[in-house]
Amino acid sequence: MHLILLGTAAGGGFPQWNCWCPACRVARTDPARAHPRTQSSAAVSADGRRWFLLNASPDVREQVARLDGHAPAGMRHVPIEGIVLTDAELDHTLGLTLLREARQLQLYATDAALAVLTEDSRLLPVTQAFATVAVSPLPLGVSVPLRYRDGADSGLTVSAFAVAGDPPRFARRTLAGHTVGLWIGDRATGGSVAFVPGCGELTGPLLTCLTHAGLVCFDGTFWSDDEMIRLGLSDRTARQMDHLPISGPGGSLEQLAGLTGPARVYTHINNSNPILLEDAPERRQVDAAGITVGHDGMHFEL
Ligand code: MLT
Ligand code: MN
Ligand code: ZN
């Protein structure tokens, strides 16, 4: 299976349009020292031609251009066979409506995320006014085949597992499975990816599960718990925003450092996070732990 990190920034992107925090300043003035990044999304494919998006970001238009490696035979070409969601947050779903020109889409999401998309953000009915969207509910803990739009089996499977967090702040209900990690498997190669861009807590059972993956893409939103408070950008801690910080006791760096089997990559990195600076000491700590700071376009084969 191929996996491309299409967007490695959290909501708002990097630099964020209205932000002049230290990292956003460097991304504008000296992008070689802090590479700009688009909003959180990845794509997986068994054959390198037909892709499944993992989340649909507001930057999907420029992100999909990375998937167009060949000139199509016809007038219209949709390289996206389906979209798999980890949650119904805006940075992971606004791209759905932007793909409406596809006319035929497939959406894989948990019942909880589908409820938010239907009742709260209404992004699903809005998209369905323009395109036929075949919806496949993802039951928790069940491996589901990812099918091409013509119904053929891609050979990839997805299994959703609930992770700690709250539903989006605009959701009226809290249903189990509103935020999940995705386990993507390739039956032909035996390769696997655990894709977890948003996670409030790295519990023992989750860590054990991640051990068996070939690649772990994990929530790299914040470096420290009080990062946004110290910068004067928010009054909430990382944990209050359901993102386990990288540093500190119980942080993801400490826990993922011990996970020596899989390749480990941080993604969904907030623009305030100092690891975005190529020469920051925090970046060196992540590198020293053998963990990669994800950037847009990074490609893995599993
Ligand atoms: C998150 O990752 O916590 C959400 O995307 C928040 C947001 O949309 O601002
Ligand atoms: Mn987000
Ligand atoms: Zn910023």
Side-chain angles (χ1 to χ4, degrees), residues 5-31 33-42 53-60 63 83-97 109 112-113 116-117 120-121 123 163-171 174 178-182 195-201 217-246 252 266-278 280 282-283 294 296:
L5 289 178
L6 295 175
T8 52
F14 182 58
Q16 180 172 310
W17 66 277
N18 63 339
C19 191
W20 291 85
C21 76
C24 283
R25 281 175 192 271
V26 177
R28 286 195 186 88
T29 57
D30 192 359
R33 276 183 59 220
H35 307 306
R37 286 163 164 84
T38 62
Q39 294 169 83
S40 176
S41 179
L53 286 185
L54 309 183
N55 294 324
S57 97
D59 300 317
V60 70
Q63 292 173 338
I83 300 145
V84 193
L85 299 180
T86 60
D87 54 69
E89 295 283 358
L90 293 176
D91 56 347
H92 287 159
T93 55
L94 279 170
L96 273 178
T97 55
V116 178
L117 282 176
D120 299 313
S121 69
L123 287 173
V163 296
D166 285 326
R169 62 171 87 180
F170 51 84
T174 300
H178 56 75
T179 307
V180 297
L182 302 173
F195 185 73
V196 192
C199 184
E201 208 182 327
C217 300
F218 196 78
D219 182 341
T221 312
F222 298 114
W223 171 255
S224 54
D225 200 35
D226 62 353
E227 179 173 318
M228 295 293 273
I229 297 172
R230 273 197 289 148
L231 288 167
L233 298 176
S234 170
D235 53 10
R236 295 196 302 158
T237 65
R239 284 186 166 87
Q240 283 167 345
M241 288 188 260
D242 299 311
H243 294 292
L244 179 68
I246 294 174
S252 61
Y266 279 125
T267 190
H268 190 279
I269 307 165
N270 197 54
N271 59 79
S272 55
N273 191 328
I275 66 169
L276 289 170
L277 297 167
E278 301 287 320
E282 292 87 350
R283 172 62 162 270
D296 293 13

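Residues: numbered from 1 along the sequence shown. Model, not experiment: these values are computed from the prediction. Counting starts at 1 for both ligands and their atoms, in listed order. The analysis underlying the following values was restricted to heavy atoms, covering all of them including side chains, and did not include hydrogens, waters or symmetry mates.
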Trainee: Have a look at Pro167 and tell me which of Thr174, Asp120, Asp242, Thr179 forms a side chain to side chain contact (heavy atoms under 4.5 Å, CB included) with it.
Mentor: Thr174
Trainee: Does the side chain of Asn55 come under 3.5 Å of the side chain of Thr86 through a donor N or O and an acceptor N or O?
Mentor: yes
Trainee: Quick one: does atom 9 (O) of ligand 1 have a protein heavy atom under 4.0 Å from it?
Mentor: no
Trainee: Taking the Zn ion (ligand 3) as the vertex, what is the angle from SG of Cys19 to SG of Cys24, given to 10 degrees?
Mentor: 110°
Trainee: Decide side-chain contact (heavy atoms from CB on, under 4.5 Å) for Ser234 and Met241; before the verdict, give the C-alpha distance in whole Å, the side-chain angles of both, and the deciding distance to 0.1 Å.
Mentor: CA-CA 10 Å; Ser234 170; Met241 288 188 260; 4.0 Å; yes
Trainee: How close does the nearest protein non-hydrogen atom get to atom 6 (C) of ligand 1, and which residue and atom is it?
Mentor: Glu89 OE1, 3.9 Å
Trainee: Evaluate Asp91 against Ser40 for side chain to side chain donor-acceptor pair (under 3.5 Å), listing each step before the verdict.
Mentor: CA-CA 7 Å; Asp91 56 347; Ser40 176; 5.5 Å; no
Trainee: Under a heavy-atom criterion of less than 4.0 Å, does Arg169 contact ligand 1?
Mentor: no
Trainee: Any idea which atoms of ligand 1 are less than 4.0 Å away from a heavy-atom of Asp91?
Mentor: 5 (O)
Trainee: Which protein non-hydrogen atom lies closest to atom 3 (O) of ligand 1, naming both residue and atom, and how far is it?
Mentor: His243 NE2, 2.7 Å
Trainee: What I'd like to find out is whether the side chain of His268 reaches to under 4.5 Å of the side chain of Thr8, using heavy atoms alone.
Mentor: no
Trainee: What do you get for the angle at the Mn ion (ligand 2) between NE2 on His268 and OD2 on Asp91, to the nearest 10 degrees?
Mentor: 100°
Trainee: Under the side-chain contact (heavy atoms from CB on, under 4.5 Å) criterion, do Phe195 and Val84 qualify, and how do the steps go?
Mentor: CA-CA 11 Å; Phe195 185 73; Val84 193; over 6 Å; no
Trainee: Could you go through the side-chain contact (heavy atoms from CB on, under 4.5 Å) check for Val180 and Asp87 one step at a time?
Mentor: CA-CA 7 Å; Val180 297; Asp87 54 69; over 6 Å; no
Trainee: If we set the cut-off at 4.0 Å for heavy atoms, which region of His268 has an atom near ligand 1: side chain, backbone, both, or neither?
Mentor: side chain
Trainee: Is Gln16 close enough to the Zn ion (ligand 3) that one of its N, O or S atoms comes in under 2.8 Å?
Mentor: no
